[in-house]
Amino acid sequence: ESNNMAGSSSFKHKLDPAAVQRRAASVQGCKSVLIPNSPLICSFLVGLESRDPDELARINVFTDTGTVCIGRLLQGNVRQVFRRNVSSLDTIEDILRDPPQLTKIDESLASSTHPPRSPLAQLELVDVGHTILSGERQKLNQLVTNLEQTRKKQQENAAAAAIAASSSLHRLKTPTKADPPASSSSRSQGGPPVSVSAAAISSPTEDSTNSHGLSGMEFQFSLPPDAMKDVDRC
């Protein structure tokens, strides 16, 4: 027996229909079903000796493509599974002797059959959950503390930077104290006093506001000798 043979055409079939029929004849309980006008399809019934309809299977072998179709009854309906690219007669014989079963969903698999937990087991489960949640709470509290410290430090740095900037600006706007005029120093050293006109000894407010717009600045001036007597007496 050969697993692969050429058909009447140039197309090379996966399986030889005659070889498939001979191999099926050696399987006990396998009955061949003739399909008119379909020489490349080999059909078989398996499980006829059993009274259980779930054991009955219809197997169709498409020898040109190597596809094997296995049909079974499931809850009164026909369901099929397929095997593709089968080119071995041994595989065909294995399928005929033990056709694949359909996948069934058992109610016991879909529903839980575990008995309810005892109160002690439930308490242990609650204790484990409480421990896990406590650990997570500590992590969150530590994270919040770190964030608060970072925010406080940023605020302190911003306040220090603002104070430094304000101090620098104040130094730039505040004028330095004026140096003593030469007339005062010459008078203290015994030199001749320098007379100052009325315009030169104007009020401190006028003198200060004329320069920088600030009032209350100190300044020095000298008077004639006859006027200095009255100043000394005062």
Side-chain angles (χ1 to χ4, degrees), residues 1-140:
E1 297 178 358
S2 175
N3 291 348
N4 299 317
M5 292 187 62
S8 57
S9 63
S10 60
F11 179 77
K12 189 174 183 180
H13 301 305
K14 291 281 186 179
L15 297 165
D16 179 19
V20 172
Q21 292 288 353
R22 288 193 297 270
R23 185 63 68 93
S26 64
V27 177
Q28 184 178 1
C30 179
K31 182 179 180 181
S32 178
V33 179
L34 179 62
I35 300 180
N37 302 323
S38 299
L40 299 179
I41 301 177
C42 300
S43 184
F44 307 97
L45 281 177
V46 179
L48 292 175
E49 70 281 359
S50 176
R51 295 183 179 180
D52 187 0
D54 292 339
E55 296 296 328
L56 183 65
R58 174 74 178 267
I59 301 173
N60 295 327
V61 181
F62 299 86
T63 58
D64 54 346
T65 61
T67 301
V68 181
C69 174
I70 302 99
R72 286 183 177 274
L73 289 175
L74 180 62
Q75 298 178 354
N77 298 318
V78 178
R79 296 291 184 267
Q80 296 176 332
V81 294
F82 296 88
R83 293 281 299 275
R84 298 182 58 191
N85 297 323
V86 177
S87 59
S88 172
L89 290 175
D90 293 336
T91 303
I92 295 296
E93 182 177 353
D94 292 339
I95 294 175
L96 293 175
R97 291 184 181 278
D98 187 14
Q101 298 289 335
L102 298 176
T103 302
K104 298 180 180 180
I105 300 178
D106 195 350
E107 293 182 358
S108 61
L109 298 177
S111 60
S112 176
T113 57
H114 297 289
R117 295 178 181 270
S118 63
L120 180 60
Q122 292 180 359
L123 288 176
E124 292 177 352
L125 184 61
V126 170
D127 186 44
V128 171
H130 177 71
T131 303
I132 295 174
L133 292 177
S134 298
E136 294 297 326
R137 183 183 63 180
Q138 292 178 359
K139 292 180 181 179
L140 291 176

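The model shown is predicted, which means the values in this text are computed figures rather than measured ones.
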Got a second to check how far [X]'s [atom1] is from [Y]'s [atom2], nearest 0.5 Å?
| X | Y | atom1 | atom2 | result |
| --- | --- | --- | --- | --- |
| Asp90 | Ile95 | CG | CD1 | 11.5 Å |
| Glu93 | Ser88 | CD | OG | 9.5 Å |
| Ser87 | Asp16 | OG | CG | 13.0 Å |

Please table the atom pairs, donor to acceptor, closer than 3.5 Å between any side-chain atom in residues 125-134 and protein atoms at least two apart or in another chain.
residue	atom	partner	partner atom	Å
Thr131	OG1	Asp127	O	2.9
Ser134	OG	His130	O	2.8

Would you say [X] and [Y] make side-chain contact, with heavy atoms under 4.5 Å?
| X | Y | answer |
| --- | --- | --- |
| Leu40 | Pro17 | yes |
| Thr63 | Val20 | yes |
| Asn60 | Val68 | no |

Open item on the list: Can you confirm whether more than 12 heavy atoms, excluding those of Arg83, are under 6.0 Å from its CZ atom?
Closed with: no

Open item on the list: Give me the atom names and distance for the closest heavy-atom approach of Ala19 to Leu89.
Closed with: CB-CD1, 3.8 Å

- [ ] For Lys14 and Val86, work out which heavy atoms get closest and say how close.
- [x] CB-O, 3.9 Å

[X]: which residues meet the side chain to side chain donor-acceptor pair (under 3.5 Å) condition with it, sequence neighbours left out?
| X | result |
| --- | --- |
| Arg79 | none |
| Glu55 | none |
| Thr67 | Thr65 |

Task: Pairing residues for Pro99 by the side-chain contact (heavy atoms from CB on, under 4.5 Å) criterion, not counting sequence neighbours - done: Val46, Ala57, Ile59, Ile70, Arg72

Indicate every side-chain donor-acceptor pair of residues 26-37 with a distance under 3.5 Å to a residue at least two apart or in another chain.
residue	atom	partner	partner atom	Å
Ser26	OG	Arg23	O	2.6
Ser32	OG	Gln21	OE1	3.2

